[in-house]
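Comments concern the structure below.
Here is how names work: the chains are called A, B, and so on, in the same order as the sequence lines, proteins then strands, and each is numbered from 1.
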Amino acid sequence: MANQRLTTGALLRYIRGNTSEKATLQVVGIKPIESKTDDPSGSAKRYRLMLSDGKSTFSSCMLGTQMNKLIETDSLKENSIIRVDRVMVNSIDKQNGRVMLMLYEIEILQSDCERIGDPVALPLTDIINSGTNTNRLETTNNNQAQAPISAAASSATNVIRQDSKALPTLDDRKKSNGDNRLGSKGTNGIDKERIINIDTLNPYMTKWTIKARISNKSQIRTYENARGPGKLFSCDLVDQSGEIRATGFNAECDKFYSMLEIGEVYYIAKASLKAANRQFNNTNNDYEMTFNHDTIIEACDAGEGENIPQVQFNFISINDIANRSANSICDVIGVVKSTSDMQTIVSKASQKEFNKRDLLLVDEKASISVTLWGQQAEEFDGSSHPVVAFKGIKIGDFNGRTLSCINSTLIRQDPPETQRTVELRVWFDNEGKSIDLPDLSKGADTGNRQTVIKTLSQIVVEGLGLGDKPDYVCVKGITTLIKKDTAVYMMCPEEKCGKKVVDENNGTYRCEKCNKTYNNFKWAYMISAEISDVTGAQWITIFRNEAETLLGVTADEFGNHKLNQSESIMEDIIRKAMNRELIFKLRAKAEQYNDERKIRFTCMSVNDMDWSSHGRRLINEINQMEPIQN
DNA sequence: CCCCCCCC
């Protein structure tokens, strides 16, 4: 009696592609599958079921992950009776034509049950050898809509050996799935039999089809140029071999923008390819794609794109951002340590208002400011300190290094594709949340790191400091001269004045700026020093904190020695600061002296060579320096 | 064929 409750023969019919039937089956085995990816988050956990239709069993049945909870809550267990509401056949072994049933929707009809009947395993090899090949795509388009029925009829008696002629083709299966798109070559140009890998695409190929997932899609943007107005969108395509950026303009923008959905898989044939522009495109491919009027895009059937990966990241560490050039694009992952409120700014260029939000993103070595704009800023919630991956984010150089999202930046919270998500989570929760790391977005904290190291002659050759805005540059050099007698001056005691006062030699000090006479003054540093490297020498000016760092005594102390005419003490202090190999961050700015334009170099920071963190990079840079002949 | 992504 119970036996009749199961849909006898349904498993074989499913395997042959007639997946439209909603069969009642018994779950006779459940097996968790260890994740093939090394994703430790557990999100990739899958269950493999052995199903019975009363006569036969089939063990290659994958339960959609959204139904994992049915097993984990003990609703679905051994001998449960289910109705299969949506199932797909997936090829798992192209050579041998082995298939797997993907269960996308099931309903539990009865949770607890006894084993029904005495089913035996479908001898799959027999089916295969008799000619079933789910990959085989017949190009004939005969009306064989009855084929699944005949297959069902023959398998109803559980006959395993089948005449291959009686087997339905994939086209038939598509019909039986209610899918009337005939994805064969000659009908619409999509040749699903000859799918090539994205990493083999090049501009010299004309006929190709790829099967790719949309990992990212931009908004539509309009533009105007000499040829008039236009619009475009771009998207990133991934398959198991790699990724590529694709762009659709105007007609193709209209045609494909709404059709392509992030996360979905498509067959794409015929598009233009050209060299990727690295300035705007960080996808890991030498080429980028432009959709044209010959381009054909067709959605992949549900379940058939499961083997296509989700998204590909090429992360660099936050520290490494310091070594990338401003305005370049990269992929970064980190933990959101803090989030600013939303702010509104007015663009200088367009006078338009924009919403923005800043995040402090941290990894194990460093932190950096990340700016989100518009909708991404409005929607972002960092209160739970999520791990966030940014793909295609732009590096800026305000106050060191910053990151700023652009139109094509993909933001993913807690991405399961990468082990970094879990690594960073564990690190942050255990220690990261309570430690302060160097911030690449704060010039002072990072010392020289955010500025390029140049030789003194490079500074001259490149004309640094000649522009209207100051240039910032780092120099590795030694102190070759330090003017002792003018190292400190008497400064106006008025807060924020800073002007030099004139000693009236009667216990009062006159400040011309304040136009006042004071009873006291403050000592202040303004050191003139010559620094040298192998390419030349340069006079620079060193104030306050940097001077104190260099000389190791406060301006007050040094001034008192000067007041006491303790020449030997001052000389000693200077001597200790001489011939030291240091990294100077300099501000170069042209100033007008009468008719002469002179570049003034002000020391912004002075640091000892920190070989532990900068040594390797510095050595590399120094080794790459060409000796400059005069 | 775009390539602007805004502010300090």
Side-chain angles (χ1 to χ4, degrees), chain A residues 203 216-237 244-257 260 271-283 285 287-295 325-332 338-360 368-380 390-411 439-446 450 469-470 472 587:
Chain A
N216 190 24
K217 184 175 85 164
S218 77
Q219 303 286 102
I220 292 176
R221 184 168 59 82
T222 58
Y223 61 91
E224 184 126 3
N225 62 18
R227 285 187 282 173
K231 60 177 166 178
L232 73 129
F233 80 102
S234 66
C235 56
D236 294 338
L237 313 174
I244 192 164
R245 164 77 46 87
T247 306
F249 291 94
N250 303 315
E252 285 70 51
C253 180
D254 291 338
K255 196 168 168 185
F256 297 128
Y257 180 77
L260 295 174
S272 310
L273 290 153
K274 62 171 184 179
N277 187 338
R278 281 284 155 252
Q279 199 185 339
F280 309 108
N281 176 356
N282 189 48
T283 47
N285 200 306
Y287 304 106
E288 56 192 40
M289 183 184 292
T290 305
F291 299 140
N292 59 42
H293 73 280
D294 291 326
T295 300
S325 48
N327 300 318
S328 64
I329 305 282
C330 67
D331 299 354
V332 178
S338 60
T339 312
S340 79
D341 291 335
M342 255 238 303
Q343 297 160 261
T344 303
I345 60 101
V346 178
S347 163
K348 277 180 182 164
S350 66
Q351 302 301 317
K352 283 185 189 157
E353 282 196 354
F354 293 93
N355 284 336
K356 60 160 274 196
R357 192 192 295 275
D358 291 324
L359 321 175
L360 187 66
I368 191 166
S369 165
V370 179
T371 305
L372 311 185
W373 298 96
Q375 200 178 345
Q376 288 181 328
E378 290 148 27
E379 289 172 358
F380 190 85
F390 298 89
K391 184 175 172 61
I393 193 167
K394 189 172 175 176
I395 299 174
D397 60 357
F398 179 75
N399 256 344
R401 280 282 183 270
T402 57
L403 293 172
S404 184
C405 289
I406 59 175
N407 197 19
S408 54
T409 304
L410 175 67
I411 304 178
D439 188 344
L440 270 63
S441 311
K442 289 196 177 118
D445 286 2
T446 48
Q450 73 288 356
K469 286 206 282 185
Y472 293 88
R587 176 187 192 270

query: Base, sugar-phosphate alone, or nothing: which one does A:Asn281 contact when heavy atoms must sit under 4.0 Å apart?
result: nothing
field: First of A:Gln343 and A:Phe291 reached from the 5' end of DNA chain B, by closest nucleotide
entry: A:Phe291
- request: Round to the nearest Å and state the distance from A:Asp439 atom CG to B:dC8 atom P.
  value: 20 Å
field: B:dC6 phosphate, OP1 or OP2, under 4.0 Å from A:Ser404 side-chain N/O
entry: yes
message: Under 4.0 Å, heavy atoms only, any strand: does A:Thr371 hit a base, just the sugar-phosphate, or nothing?
response: base
task: Return the nearest nucleotide to the side chain of A:Asn407; candidates are B:dC4, B:dC7, B:dC3.
output: B:dC4
Nearest atoms (heavy-atom pairs only) where A:Leu372 meets A:Ala377: O-CB, 3.4 Å
- line: Rounded to whole Å, the CG-C1' distance (A:Asn282 to B:dC2) equals 17 Å
query: For A:Asp254, which residues count as a side chain to side chain contact (heavy atoms under 4.5 Å, CB included) partner, sequence neighbours excluded?
result: A:Lys231
query: With sugar-phosphate meaning primed atoms plus P, OP1 and OP2, does A:Lys348 contact a base, only sugar-phosphate, or nothing at under 4.0 Å between heavy atoms?
result: sugar-phosphate
- prompt: With a 4.0 Å cut-off on heavy atoms, is A:Lys231 in touch with a base, just the backbone sugar-phosphate, or nothing at all?
  reply: nothing
message: Taking the minimum atom-to-atom distance to the side chain of A:Phe249, which one of B:dC3, B:dC2, B:dC8 wins?
response: B:dC2
- request: Indicate the ring-plane relationship of A:Phe233 and A:Tyr257, choosing parallel, tilted or perpendicular according to the 30° and 60° boundaries.
  value: perpendicular
task: Whole angstrom is fine here: how far is it from CG in A:Asp358 over to P in B:dC6?
output: 11 Å
- line: Whole-Å distance, A:Ile406 CD1 to B:dC7 P, equals 15 Å
statement: Those residues at least two apart in sequence (or on a different chain) that pass salt bridge (Lys or Arg N to Asp or Glu O under 4.0 Å) with A:Glu288 are A:Lys274
task: Kindly indicate whether the side chain of A:Lys356 and the base of B:dC7 share any N or O donor-acceptor pair separated by less than 3.5 Å?
output: yes
- request: Round to the nearest Å and state the distance from A:Leu372 atom CG to B:dC8 atom P.
  value: 19 Å
task: Could you please name the option among B:dC5, B:dC3, B:dC2 that lies closest to any side-chain atom of A:Lys394?
output: B:dC5
message: With the criterion set at under 5.5 Å between ring centres and under 30 degrees between planes, would B:dC8 be stacked on A:Phe398?
response: yes
- request: Examine B:dC5: is either OP1 or OP2 under 4.0 Å from a nitrogen or oxygen in the side chain of A:Trp373? Give yes or no.
  value: no
- request: Starting at atom CD of A:Gln219, determine the distance to atom P of B:dC5, rounded to an integer number of angstrom.
  value: 17 Å
- prompt: With a 4.0 Å cut-off on heavy atoms, is A:Glu288 in touch with a base, just the backbone sugar-phosphate, or nothing at all?
  reply: base
message: Could you tell me how far apart A:Asn355 (CG) and B:dC5 (C1') are, to the nearest whole angstrom?
response: 14 Å
- prompt: From B:dC2, B:dC7, B:dC3, pick the nucleotide closest to the side chain of A:Asn277?
  reply: B:dC3
- prompt: Which of these passes side-chain hydrogen bond (donor to acceptor under 3.5 Å, both in side chains) with A:Asp236: A:Lys391, A:Lys217, A:Arg245?
  reply: A:Arg245
- prompt: Among the nucleotides B:dC2, B:dC8, B:dC6, which one has an atom lying closest to any side-chain atom of A:Asn225?
  reply: B:dC2
- request: Find the distance A:Arg221:CZ to B:dC3:P and express it as a whole number of Å.
  value: 4 Å
query: Can you tell me if A:Arg357 uses its side chain to pair, donor with acceptor, with the backbone of A:Ser340 under 3.5 Å?
result: yes
